[in-house]
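In the text below, chain A, chain B and the rest are named by the order of the sequence lines, each starting its count at 1.
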Protein chains: 2
Amino acid sequence: MFSKSCEYAIKASIFIAQKREGVQCVRVKEIAKGINAPEHFVAKILQELSRKKVISSMKGPNGGFCMNEAQINKPVLDIVLLIDGDGILNNCVLGLEHCSSSNPCPMHLEYQKIKLSIKNMLEKNTIRDFNNLLVAKKAVLFTN
Amino acid sequence: MFSKSCEYAIKASIFIAQKREGVQCVRVKEIAKGINAPEHFVAKILQELSRKKVISSMKGPNGGFCMNEAQINKPVLDIVLLIDGDGILNNCVLGLEHCSSSNPCPMHLEYQKIKLSIKNMLEKNTIRDFNNLLVAKKAVLFTN
DNA sequence: CATAAAAATGTTCTCAAAGTCCTGCGAATA
DNA sequence: TATTCGCAGGACTTTGAGAACATTTTTATG
């Protein structure tokens, strides 16, 4: 479904939202541990998210990554589009180059419904929504 | 969604179902052309499908691949499970090793619905269903 | 101002999936 | 029974995502 990068991006964002108390920043190392992901790889993804203003960053001592209210309230779709592009919403399920309702592959019509429900789900759920589940101990970000 | 192998497997199966008039076989070369895929790679996938009885094969002159009635009436899910495994139905959307309703990732509940609709779609649609669209000229297997 | 901490940047390494190539073997038919 | 066509299947190459490493830049603070 998502690329590894995108999985990490989503998990990292939720993790930052969760740890963010006040304006405090979270360091890469802590994030990587918290979501059980390779540190350097996560660092690179966070840079990308930061450059595109999906999250914020502070250099220097006590620096790290953080999110403001507006960022926390963004739909998860924003992250997905940024990291994986819109392929998940547009690509043909059978890999045809030009597959559309006017020139569909055999599975197009059926798969269109799936894509819509995916889009819907990613649009209506924000980082905050998923973070709330975490805070309420109704979900976890990593397992052993 | 699917691996390239799986895309080719589905397209090839639909193509064979479509070309199959009577008991005639379709050669690899023709299949590869018809679904716009690398011939040798398709050959390998078709061997796999044939070994697992999802399609049939005939050696020698006028040989090739074909499908009987029972095979054509199988749900597409059979092919997907054979080539890609059940990951598409079971894997965690955020890549957690042990993600379940009793120990869910934040997106688990929402994504569960998507997975169910995918399973449903792949179960209720047979090769024949998709082939029918092709025959009715309401779909194509490759584009330029 | 010096120093240390942490993000930013860019390069390189690794590995599995995708794709290609090659040779052997079996079946059909003239 | 020999010849031809096409499957069987292993081995190899390519490609790109994922991951690790090294260096630079920025900033807080003593």
Enquirer: Could you tell me the separation between the CZ atom of A:R27 and the C1' atom of D:dT27, rounded to a whole number of Å?
Expert: 15 Å
Enquirer: Tell me yes or no: between the side chains of B:S56 and B:Q71, is some donor less than 3.5 Å from an acceptor?
Expert: yes
Enquirer: In whole angstroms, how far is the P atom of D:dG9 from the CG atom of B:L49?
Expert: 14 Å
Enquirer: Separation of B:K29 atom NZ from C:dT20 atom P, in whole Å?
Expert: 14 Å
Enquirer: What is the distance, rounded to the nearest whole Å, between atom CD of B:E30 and atom P of D:dC5?
Expert: 16 Å
Enquirer: Salt bridge or not between A:E7 and A:K4? Use side-chain N to carboxylate O under 4.0 Å.
Expert: yes
Enquirer: Would you mind reporting whether A:F15 and A:I31 have side-chain heavy atoms less than 4.5 Å apart?
Expert: yes
Enquirer: Check whether any side-chain N or O of A:S57 sits under 4.0 Å from OP1 or OP2 of C:dA8, and answer yes or no.
Expert: yes
Enquirer: Without decimals, in angstroms, what is the distance between A:I31 CD1 and C:dA8 P?
Expert: 11 Å
Enquirer: Can you tell me if A:N62 touches the phosphate of D:dT27, counting only side-chain N or O atoms and a distance under 4.0 Å to OP1 or OP2?
Expert: no
Enquirer: Do NZ/NE/NH1/NH2 and the carboxylate oxygens of A:E110 and B:K124 come within less than 4.0 Å?
Expert: yes
Enquirer: How many Å lie between CZ on B:F65 and P on D:dC5, as a whole number?
Expert: 17 Å
Enquirer: Starting at CD1 of B:I45 and ending at P of C:dA18, how long is that distance when rounded to a whole Å?
Expert: 9 Å
Enquirer: Is it true that A:E48 and A:K44 make a salt bridge, defined as a side-chain N closer than 4.0 Å to a carboxylate O?
Expert: no
Enquirer: Rounded to the Å, how far apart are A:K59 NZ and D:dT24 P?
Expert: 14 Å
Enquirer: When you check the side-chain N and O atoms of A:N73 and A:T126, is any donor under 3.5 Å from an acceptor?
Expert: no
Enquirer: Taking the nucleotide of DNA chain C with the nearest heavy atom to each, does A:S50 or A:P61 sit closer to the 5' end?
Expert: A:P61
Enquirer: Closer than 4.0 Å, any side-chain N/O of B:R51 to the OP1 or OP2 of D:dG9?
Expert: yes
Enquirer: What pairs of nitrogen or oxygen atoms, one from the protein and one from nucleotides 17-23 of chain D, lie under 3.5 Å apart?
Expert:
residue : atom : partner : partner atom : Å
D:dG18  : OP1  : A:K4    : N            : 2.7
D:dG18  : OP2  : A:S5    : OG           : 3.2
D:dA19  : OP2  : A:Y8    : OH           : 3.3
D:dA20  : N6   : A:K44   : NZ           : 3.2

Enquirer: Would you find more than 12 non-hydrogen atoms of other residues, nucleotides or ligands less than 6.0 Å from A:R128 atom CZ?
Expert: yes
